[in-house]
Amino acid sequence: MIMSTCQTYIPLDMDEDETIYPERSSDKGTMYVEAEDKETLQQIREIRFTRVSNVLGIIYNSKSGRTQLKWRHLKGRVGRLSGEASPNTLVNLFASEALPESYAIAEPERERESETQPEPPGAEASTSIHEAFADT
């Protein structure tokens, strides 16, 4: 979420703290962290920086609407990620190591589906994340 929204202006001490998450209201694209305990630390532009403990879930909807993701805690730092992601969001997920690079390798069944169902001209590319296991 930080790479997609506030990487250029998040304070360095907050960027290095794994307990701090950005949140944003739904009118500018939802970023919401469900946690056992939350404390708002600072607001910069439209982003609230929140210290959380025991993350239960994360909801992320981009401003453009091309990315709509939900992450639910399973065990430890591992959770289940589902939803639709734009190519840019996938790049950010791989770069932040939230998704393993092995997820980027297309399955033979998916390749066959994409060959038989080409995208219409001018359609925005997105990838459905049916079930991926992601690290917070």
Do the side chains of [Y] and [X] get nearer than 4.5 Å, heavy atoms only?
| X | Y | value |
| --- | --- | --- |
| P11 | I44 | yes |
| T50 | V33 | no |
| E34 | I59 | yes |

So which heavy atom on [X] is nearest to which on [Y], and how close?
| X | Y | value |
| --- | --- | --- |
| L93 | S96 | O-OG, 3.3 Å |
| T67 | S86 | OG1-N, 3.1 Å |
| R72 | I58 | NH1-N, 4.2 Å |
| A35 | S53 | CB-O, 3.5 Å |
| S62 | R66 | OG-N, 3.4 Å |
| M31 | P22 | CE-CB, 3.7 Å |

* **Co-membership, hydrophobic cluster, residues W71 and V91, 4.5 Å side-chain** =>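 Different clusters: W71 never reaches V91 through Ile, Leu, Val, Met, Phe, Trp or Tyr contacts under 4.5 Å.
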* To do: Please answer: with hydrophobic residues joined when any side-chain heavy atoms are less than 4.5 Å apart, are Y21 and L12 in the same cluster?
  =>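 No, Y21 does not connect to L12 through the hydrophobic network.
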* Asked: How about K70: does its NZ atom have over 12 heavy atoms from other parts shown lying under 6.0 Å from it?
  ->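 Not buried by this count: 12 neighbours or fewer within 6.0 Å.
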If I take atom [atom1] from residue [X] and atom [atom2] from residue [Y], how far apart are they, to the nearest 0.5 angstrom?
| X | Y | atom1 | atom2 | result |
| --- | --- | --- | --- | --- |
| L74 | L81 | CG | CG | 11.0 Å |
| R48 | K38 | CZ | NZ | 7.0 Å |
| I47 | I10 | CD1 | CD1 | 9.5 Å |
| L41 | T19 | CG | OG1 | 8.0 Å |
| T40 | F49 | OG1 | CZ | 11.5 Å |

* Quick one: list whatever passes salt bridge (charged side-chain N to carboxylate O under 4.0 Å, His left out) with D17, sequence neighbours left out. =>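 In terms of salt bridge (charged side-chain N to carboxylate O under 4.0 Å, His left out), with neighbours along the sequence ignored, D17 is linked to R51.
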* **Partner residues of E39 under the salt bridge (charged side-chain N to carboxylate O under 4.0 Å, His left out) criterion, sequence neighbours left out** =>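 So E39 forms no salt bridge (charged side-chain N to carboxylate O under 4.0 Å, His left out) with any residue.
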* Does Q43 reach the main-chain N or O of R45 with its side chain, forming a donor-acceptor pair under 3.5 Å? ->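 Present.
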* **R24 side chain to G29 backbone, donor-acceptor under 3.5 Å** =>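 Yes: the side chain of R24 pairs with the backbone of G29.
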